[in-house]
Asks: 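Here's a structure for you.
Note that the structure is a prediction, hence the values are computed from the model and not measured. If you read the sequence from its start, that first residue is 1, and numbering goes on from there.
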Amino acid sequence: MRRMRSGLCALAVVALLPIQAFAADNGRWVASWASSPSLPTAKLPYDFWQPAPEVQGTIRYHLRLSAGGTKLQVRLSGETQLQDVTIGSATIALADAQGRIDAATIRPLTFSGARSVRLPMGAPLLSDPLALSVKPGAVAIVSVYLPMKVTLPQSDPNHIAQWATGADQTASATLTNATPVSAREIVSSVLVQSDQKARTIVTFGDSITDGFGAKDPLLRGWPGQLARLLTARGIANIGIANAGIGGNRVLRDEVGESGLARFDRDALAVPGVTDIVLLEGINDLGLSGLKNPRAPGNHPTISADDLIAGYRQLIQRAHARGIKVHGATLTPFLGSTFPGYATPEKEKIRQAINQWIRTSGEFDGVIDFDAVVRDPSAPDHILAAYDCGDKLHPSDAGYAAMAKAARDHFRF
């Protein structure tokens with residue numbers, strides 16, 4: 001489902017802005033970047049999922065922000081860790097036009113005033129607010145020093161960091177003897193304080209939301225493309241929080257906890273959230289009835305009614321918080337290169353699910369991603385120009401088309 005990408009490309013131009021350009025201290029906090037925590041995963045029968053790597057030293061993340069603001073907070077996640085994690089120190093900085101750290105912007109992060117802290121097993125840790133103004137599209141660089149070995153929260157080639165063993169290099173503009181490491185981030189979100197009308201849109205789903213197949217690791221699929229479209233229109237106060245996990249399912253744990261299990265943490269509790277775009281279920285359908293490599297027997301067979309029941313639960317839980325849910329139709333998967341994943345029988349179920357999404361009236365709105373990326377001459381297949389190569393995940397062009405559909409849906 002995934003392919004490796006090398007290097008950091010197309011980094012945004014970053015500048016420090018006057019505080020008055022955005023919000024006063026009473027502005028609203030929103031999620032400007034996000035990555036959902038995932039469970040450590042034993043190797044599955046696909047070469048892109050390897051055992052979670054173990055690291056010690058300095059790990060550095062390049063994160064492209066969506067909303068701009070005058071203050072920042074960084075959220076670290078121990079929610080899927082199997083033991084406490086010692087954070088020796090952490091910093092945040094901004095990238096220059098070449099994607100390198102602007103040394104003048106390096107700032108230490110503190111947690112209740114402390115530089116060195118314990119990240120508790122099963123819990124998040126939020127840094128103290130830091131006065132640092134950023135434009136939408138800026139690249140934040142978060143560096144974390146881990147003095148003891150830590151197992152990262154799942155190997156994932158869609159998420160690339162730089163890692164240097166040994167002593168603390170969080171305050172250095174350049175990491176010495178750094179190597180790339182493929183794993184989901186210990187950082188789970190970057191919050192910014194924007195204006196009083198600011199809000200967050202959470203994009204909730206699997207690898208098609210997380211951005212598998214996108215060539216730029218800082219532009220994660222259609223949510224990243226949507227954020228870029230908003231920036232191009234001068235919209236600085238809407239955060240796009242990407243809550244996609246490759247391999248994730250609605251109904252059962254697979255790669256990461258099920259959508260039903262993680263929905264509160266990854267969607268409903270996100271600061272500033274007003275809207276959720278739900279695009280998930282293709283893995284529930286694709287794995288239905290297949291051999292389970294991590295347990296005896298096969299994955300349970302699921303029906304359209306099973307997934308619809310899951311969607312209804314998510315809608316009800318969001319509506320209880322006053323949050324809107326926008327249903328996105330499941331995109332084509334026939335021809336998928338993964339044996340047994342897509343069959344004519346499963347295609348009938350996909351069509352039934354999409355019909356319900358379009359016509360039930362239970363969502364607050366519908367984004368018809370299926371109609372956007374399907375081949376008009378073979379509607380059960382993704383259009384070749386929008387295919388990353390596996391007949392399942394979109395290419396950059398496909399993600400761009402999906403982003404335009406989402407922008408038009410929200411009337412931005």
Asks: Take Met402 and Gln225 through the test side-chain contact (heavy atoms from CB on, under 4.5 Å) and record every step on the way to the result.
Replies: CA-CA 9 Å; Met402 293 170 69; Gln225 298 266 16; over 6 Å; no
Asks: Please, which pairs that meet ring pair (Phe, Tyr, Trp, His ring centres under 6.0 Å) have at least one residue in residues 239-297, sequence neighbours excluded?
Replies: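 The answer is Phe204-Phe263.
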Asks: Test side-chain contact (heavy atoms from CB on, under 4.5 Å) on Thr203 and Leu279; report intermediate values, then the result.
Replies: CA-CA 8 Å; Thr203 61; Leu279 173 61; over 6 Å; no
Asks: Taking all heavy atoms of Ala328 and all of Val277, pick out the closest pair and write down the distance.
Replies: CB-CG1, 4.3 Å
Asks: Report the distance from atom CG of Leu314 to atom CG of Leu268, rounding to the nearest 0.5 Å.
Replies: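 Interatomic distance, Leu314 CG to Leu268 CG, rounded to 0.5 Å: 8.5 Å.
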Asks: Working note: Thr337 + Asp390, criterion side chain to side chain donor-acceptor pair (under 3.5 Å); need CA distance, chi angles, decisive distance, verdict.
Replies: CA-CA 6 Å; Thr337 56; Asp390 63 8; 5.3 Å; no
Asks: Decide yes or no for Ser77 and Val187: does some side-chain heavy atom of the first lie under 4.5 Å from some side-chain heavy atom of the second?
Replies: no
Asks: Going by atom types only, do Ser207 and His393 share a side-chain donor-acceptor pair under 3.5 Å?
Replies: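 His393 and Ser207 do have a side-chain donor-acceptor pair below 3.5 Å.
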Asks: Any carboxylate oxygen within less than 4.0 angstrom of a Lys/Arg side-chain nitrogen, looking at Arg350 and Asp370?
Replies: yes
Asks: Salt bridge between Arg28 and Asp195, side-chain N to carboxylate O under 4.0 Å?
Replies: no
Asks: Have Asp364 and His319 got a donor and an acceptor in their side chains that come within less than 3.5 Å?
Replies: yes
Asks: For Tyr61 together with His159, are the ring centres under 6.0 Å from each other?
Replies: no
Asks: To the nearest 0.5 Å, tell me how far Lys71 NZ sits from Gln193 CD.
Replies: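 It comes to 5.5 Å.
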Asks: Where do Gly289 and Thr301 come nearest, in terms of heavy atoms and distance?
Replies: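 Smallest heavy-atom distance, with atoms named: CA-OG1, 3.9 Å.
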Asks: Would you say the side chains of Glu185 and Ser35 form a donor-acceptor pair under 3.5 Å?
Replies: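 Note: Glu185 and Ser35 side chains meet the donor-acceptor criterion.
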Asks: Ignoring hydrogens and geometry beyond distance, is a side-chain donor-acceptor pair present between His381 and Asp387 at under 3.5 Å?
Replies: no
Asks: So, for Ala31 and Leu191, which heavy atoms are closest and what is the spacing to 0.1 Å?
Replies: CA-CD2, 3.8 Å
Asks: I want to check something: taking the side chain as every heavy atom from C-beta on, are Ile323 and Thr274 in contact at a cut-off of under 4.5 Å?
Replies: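 Ile323 vs Thr274: side chains apart.
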Asks: Would you check if there is a donor-acceptor pair between the side chains of Arg75 and Ser189 at a distance under 3.5 Å?
Replies: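 No, no side-chain donor-acceptor pair sits under 3.5 Å.
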Asks: With no hydrogens and no angle check, do the side chains of Thr170 and Ser89 hold a donor and an acceptor under 3.5 Å apart?
Replies: yes
Asks: To check you understand the geometry: which heavy-atom pair defines the closest contact between Leu290 and Pro339, and what is its length?
Replies: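 Taking every non-hydrogen atom into account, CD1-O, 3.9 Å.
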Asks: Mind checking side chain to side chain donor-acceptor pair (under 3.5 Å) for Thr165 and listing every partner two or more places apart, or none if nothing turns up?
Replies: none
Asks: Is a side-chain N or O of Asp128 found less than 3.5 angstrom from the main chain of Ser112, in a donor-acceptor match?
Replies: yes
Asks: Could you check whether Tyr341 and Asn283, counting side-chain N and O atoms only, form a donor-acceptor pair closer than 3.5 Å?
Replies: yes
Asks: Do you know which of Tyr399, Tyr386, Phe369 makes ring-ring contact (aromatic ring centres under 6.0 Å, His included) with Trp222?
Replies: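 For Trp222, the ring-ring contact (aromatic ring centres under 6.0 Å, His included) check succeeds only for Phe369.
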Asks: Out of curiosity, Ile235 CD1 to Leu230 CG, how far, rounded to the nearest 0.5 Å?
Replies: 5.0 Å
Asks: Are any non-hydrogen side-chain atoms of Gln73 and Pro271 less than 4.5 angstrom apart?
Replies: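 In short, these two side chains do not touch, never coming nearer than 4.5 Å.
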Asks: Would you find a donor on one side and an acceptor on the other, under 3.5 Å apart, between the side chain of Ser32 and the backbone of Gly239?
Replies: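 Judged by distance alone, no pair lies under 3.5 Å.
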Asks: Of the non-hydrogen atoms in Gly99 and Ile141, which two are nearest, and what is the gap between them?
Replies: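 Reported closest heavy-atom pair: O-CD1, 4.2 Å.
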Asks: Using a 3.5 Å distance criterion without hydrogens, assess whether the side chain of Asn248 forms a donor-acceptor pair with backbone atoms of Glu257.
Replies: yes
Asks: Would Trp163 and Leu175 count as a side-chain contact (heavy atoms from CB on, under 4.5 Å) if you check the C-alpha gap in whole Å, the side-chain angles of each, and the deciding distance to 0.1 Å?
Replies: CA-CA 8 Å; Trp163 166 41; Leu175 291 185; over 6 Å; no
Asks: Could you go through Thr110 and Arg115, starting from their C-alpha distance and side-chain angles, then the distance that decides it, and tell me whether this counts as side chain to side chain donor-acceptor pair (under 3.5 Å)?
Replies: CA-CA 5 Å; Thr110 60; Arg115 291 286 308 277; over 6 Å; no
Asks: Any luck finding a side-chain donor-acceptor pair between Ser38 and Arg184 under 3.5 Å?
Replies: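 Short answer, no.
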Asks: Donor-acceptor pair, Asp96 side chain versus Asp102 backbone, under 3.5 Å?
Replies: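 Here the side-chain-to-backbone pair does not exist.
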Asks: Give a yes or no answer on whether the side chain of Ser395 reaches the backbone of Ala385 with a donor-acceptor pair at less than 3.5 Å.
Replies: yes
Asks: Is Trp29 close to Ser194 at the side-chain level, that is, under 4.5 Å between some pair of heavy atoms?
Replies: no
Asks: Would you say the side-chain atoms of Ser288 pair up with the backbone N or O of His299, donor to acceptor, closer than 3.5 Å?
Replies: no
Asks: Are Val181 and Ile160 packed together at the side-chain level, in the sense that at least one heavy-atom pair is separated by less than 4.5 angstrom?
Replies: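 Not in contact.
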Asks: Measure the CZ-CG distance between Arg228 and Leu218 for me, rounded to the nearest 0.5 Å.
Replies: 11.5 Å
Asks: Quiz question: by atom type and distance under 3.5 Å, do the side chains of Arg249 and Ser258 form a donor-acceptor pair?
Replies: no
Asks: Does a side-chain N-to-carboxylate-O contact under 4.0 Å join Asp380 and Arg374?
Replies: no
Asks: Between Arg262 and Asp253 (salt bridge meaning N to carboxylate O under 4.0 Å), is one present in this structure?
Replies: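 No.
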Asks: Do any N or O atoms from the side chain of Arg265 and from the backbone of Pro37 form a donor-acceptor pair under 3.5 angstrom?
Replies: yes
Asks: State the CD1-CG distance between Ile353 and Leu330, to the nearest 0.5 angstrom.
Replies: 5.5 Å
Asks: Working note: Ile186 + Leu119, criterion side-chain contact (heavy atoms from CB on, under 4.5 Å); need CA distance, chi angles, decisive distance, verdict.
Replies: CA-CA 10 Å; Ile186 290 176; Leu119 174 59; 4.1 Å; yes
Asks: Do Val144 and Leu109 have side chains that approach each other closer than 4.5 Å (heavy atoms only, starting at C-beta)?
Replies: no
Asks: With no hydrogens and no angle check, is any side-chain donor or acceptor of Thr343 less than 3.5 Å from a backbone partner on Lys346?
Replies: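 Yes, Thr343 side chain to Lys346 backbone: donor-acceptor pair under 3.5 Å.
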Asks: Assess whether atom CD of Gln56 is packed by more than 12 heavy atoms of other residues, nucleotides or ligands within 6.0 Å.
Replies: yes
Asks: Can you tell me how far the CG atom of Asp275 sits from the NZ atom of Lys324, to the nearest 0.5 Å?
Replies: 6.5 Å
Asks: Determine whether Arg252 and Asp306 satisfy the following criterion, salt bridge (Lys or Arg N to Asp or Glu O under 4.0 Å), listing intermediate values before the conclusion.
Replies: CA-CA 11 Å; Arg252 292 176 177 84; Asp306 293 330; over 6 Å; no
Asks: May I ask you to test the Ile245-Asp210 pair for a side-chain heavy-atom distance under 4.5 Å?
Replies: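 Answer no - side chains too far apart.
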Asks: Are the charged groups of Arg118 and Asp84 less than 4.0 angstrom apart, N to O?
Replies: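 Yes.
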Asks: Any side-chain heavy atom of Tyr145 within less than 4.5 Å of one from Ile87?
Replies: no
